[in-house]
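All ligand and atom numbering here is 1-based and tracks the order in the structure.
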Amino acid sequence: MKYDYLIVGTGLFGAVFAYEAQKAGKKCLVIDKREHIAGNIYCENVEGINVHKYGAHIFHTSNKEVWDYINQFAEFNHYINSPVAAYKDETYNLPFNMNTFSRLWGIRTPQEARDIIEKQRAEYGVAEPKNLEEQALSLAGKDVYEKLIKGYTEKQWGRPCTELPAFIIKRLPFRFIYDNNYFNDRYQGIPIGGYTPIVAKMLEGIEVRLKTDYFDFIKENPDIADITLFTGMIDEYYGYQLGALEYRTVRFETEVLDCENYQGNAVVNYTEREVPYTRIIEHKHFEFGKQPKTVISREYSSEWKPGIEPYYPINNEENNSLFAKYRELADKEEKIIFGGRLGNYKYYDMDKVIEAALELVKEQL
Ligand code: FAD
Ligand code: UDP
């Protein structure tokens, strides 16, 4: 049987593309090496709670087209992400806002906060920040950097902040109003019922084969499709011939607890270096759950090694220039396209994945 498209990966990128391709009358086969669909947005029901198996996922976007697009497949609740940071025995609101500053310095007004930060910036900041540490010190000063950024970031990325790109920290809002919304985006929420049903709807009526690794499958089915969309790791696809790109991975220790409410919030970040995990997720709070039990996941970050799931591309200069070389190889291909977080080696959020997939749809279909 011959297909128009072989789509490798049932994550959001592969699923959006498959849905649109089928709508355009193309015959698609979707494969995934995992035993379930939905890639990293997969949710598993435990004790009536949707557990975000590969890490907390909050949908947020400022792109109305993307918001309307995803709303075709699910209804979203009004969840607003407002993580809490635990530093030793202190508790702060995130992102960095007046609630954080007020707790840090016992002050009340934006002017008082600005004065303190300005003084610290003058002492520690630089005019043109070249790495994450310089960026953080120049943006927020020493206290915020040392209590809320340094330990967390070095745990998450396994590198000193001086060796990390400045842009990572620019993802976070920094504001002088009392507003704990972690995102600046106009639209935000959690799909009622979790993310897996979204992908299931996208893949409805399309042939899907799970527990099927591309590299084994293609050996036996070399001519299965006219074009392949590959959403796995681009360096793995090319047999690491130019060298291996670096990734970070996360490991979750998930526990069911016999209590109704463990930490009072979906996300608590542990920002000191000494606590080995980066954060604890209490999944029920994403959907305002009232179940008698609760499920929590401690999240540990580590360097990726072959054989485990890669999660985050490490977009520093070295990796980006290696990726550019793989991209050159990819640009010469006629029958294979790369997409998604791993195929494009980009630190994409879900909305950007949808945008990129729809862009590809325009080019291809
Ligand atoms: P994936 O979901 O990784 O899908 C790729 C699929 O390809 C996988 O199912 C994999 O098994 C399959 N595959 C790979 N290689 C092969 C092969 N050789 N053969 C067969 N199948 C293969 N985004 C947000 O917008 N909000 C958030 O709050 C958020 N939180 C996140 C938290 C964490 C811990 C992480 C890691 C990411 C987070 N993201 C978040 C980003 C989000 O997960 C991604 O943007 C999105 O899931 C990427 O979709 P994808 O299809 O590109 O990749
Ligand atoms: N960050 C931090 N302290 C926190 C939360 C985040 O220093 O309490 C930094 C950290 O470097 C992280 C970056 O901000 O990599 C972006 O955070 P975000 O929550 O967007 O990361 P995600 O896990 O969603 O990729």
Side-chain angles (χ1 to χ4, degrees), residues 6-17 30-42 52-61 66 70 81 83-87 92 94-96 100 132 135-136 140 144-145 147-157 161 164-165 167-173 182-183 185 188 190 195 199 209-218 229-234 236-237 247-250 252 267-271 278-279 281 286 297 299 301 309-313 338-344 346-354 356-357:
L6 168 65
I7 296 163
V8 182
T10 58
L12 195 55
F13 195 100
V16 167
F17 188 84
V30 188
I31 62 169
D32 202 299
K33 62 183 176 185
R34 295 185 191 176
E35 56 190 24
H36 58 72
I37 59 165
N40 286 349
I41 61 175
Y42 174 70
H52 296 200
K53 185 108 191 261
Y54 299 89
H57 278 77
I58 300 106
F59 197 95
H60 57 98
T61 187
V66 167
I70 197 75
N81 198 32
V84 163
Y87 175 79
Y92 297 96
L94 292 172
F96 314 120
T100 328
L132 199 151
Q135 178 67 51
V144 170
Y145 174 63
K147 289 192 167 178
L148 301 175
I149 297 177
K150 190 172 192 296
Y152 186 92
T153 300
E154 298 196 345
K155 278 193 284 191
Q156 179 167 0
W157 295 99
C161 288
L164 285 165
F167 83 87
I168 291 179
I169 198 74
K170 287 198 218 149
R171 285 165 61 89
L172 299 188
Y182 200 59
F183 302 113
D185 285 322
Q188 182 174 173
I190 299 285
Y195 289 91
V199 173
R209 294 191 210 170
L210 298 175
K211 294 193 253 178
T212 305
D213 191 287
Y214 170 76
F215 300 105
D216 301 329
F217 181 76
I218 205 67
L229 165 63
F230 188 81
T231 71
M233 296 155 66
I234 189 167
E236 184 182 22
Y237 178 86
Y247 302 85
R248 290 294 286 173
T249 191
V250 264
F252 302 96
V267 184
V268 177
N269 289 0
Y270 286 79
T271 57
T278 48
R279 51 188 174 186
I281 307 300
F286 288 125
S297 300
E299 192 170 320
S301 179
E309 292 293 343
Y311 280 80
Y312 294 95
F338 295 88
R341 222 183 210 211
L342 303 173
N344 282 334
K346 278 210 185 77
Y347 190 13
Y348 279 143
D349 277 332
M350 291 180 277
D351 59 328
K352 297 291 180 239
V353 165
I354 295 175

**Message:** Using a 4.0 Å cutoff against the non-hydrogen atoms of Ile149, which atoms of ligand 2 qualify?
**Reply:** 7 (O)
**Asked** Near Tyr348, which atoms of ligand 1 are under 4.0 Å from a heavy atom of that residue?
**Response** 41 (C), 44 (C), 45 (O)
**Complete:** Closest to atom 9 (O) of ligand 1 (heavy atoms only, candidates Val30, Val8, Asp32) is Asp32
**Prompt:** What do we get for Asn81 next to ligand 1 when only non-hydrogen atoms under 4.0 Å count, side chain, backbone, both or neither?
**Reply:** neither
**Request:** Over 60° means perpendicular and under 30° means parallel, so classify the ring planes of Phe338 and Tyr237, tilted if in between.
**Result:** perpendicular
**Request:** Check ligand 1 against Gly340 and write out every atom of the ligand that is under 4.0 Å from a heavy-atom position of the residue.
**Result:** 52 (O)
**Prompt:** Nearest to atom 9 (C) of ligand 2, what protein heavy atom do you find, and at what distance?
**Reply:** Ile169 CD1, 3.6 Å
**Request:** Please work out which of Val268, Asp349, Ile168 has its closest non-hydrogen atom nearest to atom 16 (C) of ligand 2.
**Result:** Ile168
**Request:** Please work out whether any backbone atom (N, CA, C, O) or any side-chain heavy atom from C-beta onward of Ala56 is under 4.0 Å from ligand 1, and answer side chain, backbone, both or neither.
**Result:** backbone
**Atom indices of ligand 1 within 4.0 angstrom of Tyr311 heavy atoms, with elements** = 36 (C)
**Message:** Please determine whether side chain to side chain contact (heavy atoms under 4.5 Å, CB included) holds for the pair Thr153 and Ile168, giving the CA-CA distance in whole Å, both sets of side-chain angles, and the decisive distance to 0.1 Å.
**Reply:** CA-CA 9 Å; Thr153 300; Ile168 291 179; 5.6 Å; no
**Message:** Do Thr278 and Tyr152 make a side-chain contact, defined as non-hydrogen atoms from C-beta onward lying under 4.5 Å apart?
**Reply:** yes
**Complete:** Of Tyr311, Tyr312, Tyr347, the one whose closest heavy atom lies nearest atom 21 (O) of ligand 2 is Tyr347
**Asked** Considering distance alone, does some N or O of Leu12 sit under 3.5 Å from an N or O of ligand 1?
**Response** yes
**Prompt:** So is there a nitrogen or oxygen of Arg171 less than 3.5 Å from a nitrogen or oxygen in ligand 2?
**Reply:** yes
**Residue Gly232 vicinity, atoms of ligand 1 by number, heavy atom under 4.0 Å** = 14 (C), 15 (N)
**Prompt:** Backbone, side chain, both or neither: what part of Lys170 comes under 4.0 angstrom of ligand 2, heavy atoms only?
**Reply:** neither
**Atoms in ligand 2 flagged as close to Thr153, the criterion being non-hydrogen separation under 4.0 Å** = 2 (C), 7 (O), 9 (C), 10 (C), 11 (O)
**Request:** Look only at the side chain of Thr271 and the backbone of Leu148, and say whether a donor-acceptor pair between them is shorter than 3.5 Å.
**Result:** no
**Prompt:** What do you reckon, does Phe183 have a nitrogen or oxygen under 3.5 Å from a nitrogen or oxygen of ligand 1?
**Reply:** no
**Asked** N/O of Tyr214 under 3.5 Å from N/O of ligand 1, yes or no?
**Response** yes
**Item:** Nearest-contact summary for atom 18 (P) of ligand 2 - protein heavy atom, Å
**Value:** Tyr182 OH, 3.6 Å
**Prompt:** When you look for heavy atoms under 4.0 Å from ligand 2, do you find them on the side chain of Leu164, its backbone, both, or neither?
**Reply:** neither
**Asked** So is Ile31 polar-close to ligand 1, meaning N/O to N/O under 3.5 Å?
**Response** no
**Asked** Does the side chain to side chain contact (heavy atoms under 4.5 Å, CB included) test come out yes or no for Tyr42 and Val199, once each step is laid out?
**Response** CA-CA 9 Å; Tyr42 174 70; Val199 173; over 6 Å; no
**Fill in**
Within 4.0 Å of some non-hydrogen atom of Gly9, the atoms of ligand 1 are 6 (C), 7 (O), 12 (C)
**Request:** Output yes when a side-chain donor or acceptor of Ser297 lies under 3.5 Å from a complementary backbone atom of Gly55, and no otherwise.
**Result:** no
**Message:** Can you confirm, on distance only, whether ligand 1 has an N/O atom lying under 3.5 Å from any N/O atom belonging to Arg279?
**Reply:** no
**Message:** Is the ring pair His52/Phe286 parallel, tilted or perpendicular, if the boundaries are 30 and 60 degrees?
**Reply:** parallel
**Asked** Can you tell me the protein heavy atom closest to atom 34 (C) of ligand 1 and the distance?
**Response** Tyr312 OH, 3.2 Å
**Asked** Nearest protein heavy-atom contact for atom 3 (N) of ligand 2: which residue, which atom, what distance?
**Response** Leu148 O, 2.8 Å
**Prompt:** For ligand 1, which atoms have a heavy atom of Asp213 less than 4.0 angstrom away?
**Reply:** 18 (N), 19 (N)
**N or O contact, Asp349 vs ligand 1, cut-off under 3.5 Å** = yes
**Asked** Considering only the protein, which heavy-atom contact is closest to atom 29 (C) of ligand 1, and what is its distance?
**Response** His57 CD2, 3.5 Å
**Asked** Just which atoms of ligand 1 are under 4.0 Å from any heavy atom in Phe215?
**Response** 18 (N)
**Residue Gly11 vicinity, atoms of ligand 1 by number, heavy atom under 4.0 Å** = 2 (O), 4 (O), 51 (O)
**Request:** Could you tell me which atoms of ligand 2, counted from 1 in the order shown, lie closer than 4.0 angstrom to a heavy atom of Leu94?
**Result:** 8 (O)
**Fill in**
Here the atoms of ligand 2 under 4.0 Å from any heavy atom belonging to Thr271 are 8 (O)
**Request:** Give the intermediate values and the outcome of side chain to side chain contact (heavy atoms under 4.5 Å, CB included) for residues Val353 and Lys346.
**Result:** CA-CA 10 Å; Val353 165; Lys346 278 210 185 77; over 6 Å; no
**Nearest-neighbour protein heavy atom for atom 15 (O) of ligand 2, which is reported as residue plus atom name and distance** = Trp157 NE1, 2.8 Å
**Request:** On the 0 to 90° scale, with breaks at 30° and 60°, tag the Phe252-Tyr311 ring pair as parallel, tilted or perpendicular.
**Result:** perpendicular
**Prompt:** Nearest protein heavy-atom contact for atom 47 (O) of ligand 1: which residue, which atom, what distance?
**Reply:** Ile41 CG2, 3.7 Å
**Prompt:** For the residue pair Tyr312 and Tyr347, does the interplanar ring angle fall in the parallel (under 30°), tilted (30 to 60°) or perpendicular (over 60°) class?
**Reply:** perpendicular
**Request:** Identify, for atom 12 (C) of ligand 2, the protein heavy atom at the shortest distance, and state residue, atom and that distance.
**Result:** Gln156 OE1, 3.5 Å
**Complete:** among protein heavy atoms, the one nearest atom 3 (O) of ligand 1 is Asn40 ND2, 3.5 Å
**Asked** Heavy atom under 4.0 Å from ligand 2: found in Asn269's side chain, backbone, both, or neither?
**Response** side chain
**Item:** N or O contact, Ile58 vs ligand 1, cut-off under 3.5 Å
**Value:** yes
**Item:** Minimum side-chain heavy-atom gap Lys170-Gln135 below 4.5 Å
**Value:** yes
**Fill in**
ligand 2 atoms nearer than 4.0 angstrom to some heavy atom of Arg279 are 23 (O)
**From CZ (Phe59) to CG (Asp349), nearest 0.5 Å** = 9.0 Å
**Request:** Kindly confirm or rule out an N or O of Arg341 lying under 3.5 angstrom from an N or O of ligand 1.
**Result:** yes
**Request:** Look at the side chain of Arg34 and the backbone N and O of Gly39, then say whether any donor-acceptor pair between them is shorter than 3.5 Å.
**Result:** yes
**Fill in**
The closest protein heavy-atom partner of atom 51 (O) of ligand 1 is Phe13 N, 3.0 Å
**Request:** List the closest protein heavy-atom neighbour of atom 14 (O) of ligand 2: residue, atom name, distance to the nearest 0.1 Å.
**Result:** Leu172 CD1, 3.4 Å
**Message:** Evaluate Lys33 for polar contact with ligand 1, using N/O atom pairs at a separation under 3.5 Å.
**Reply:** yes
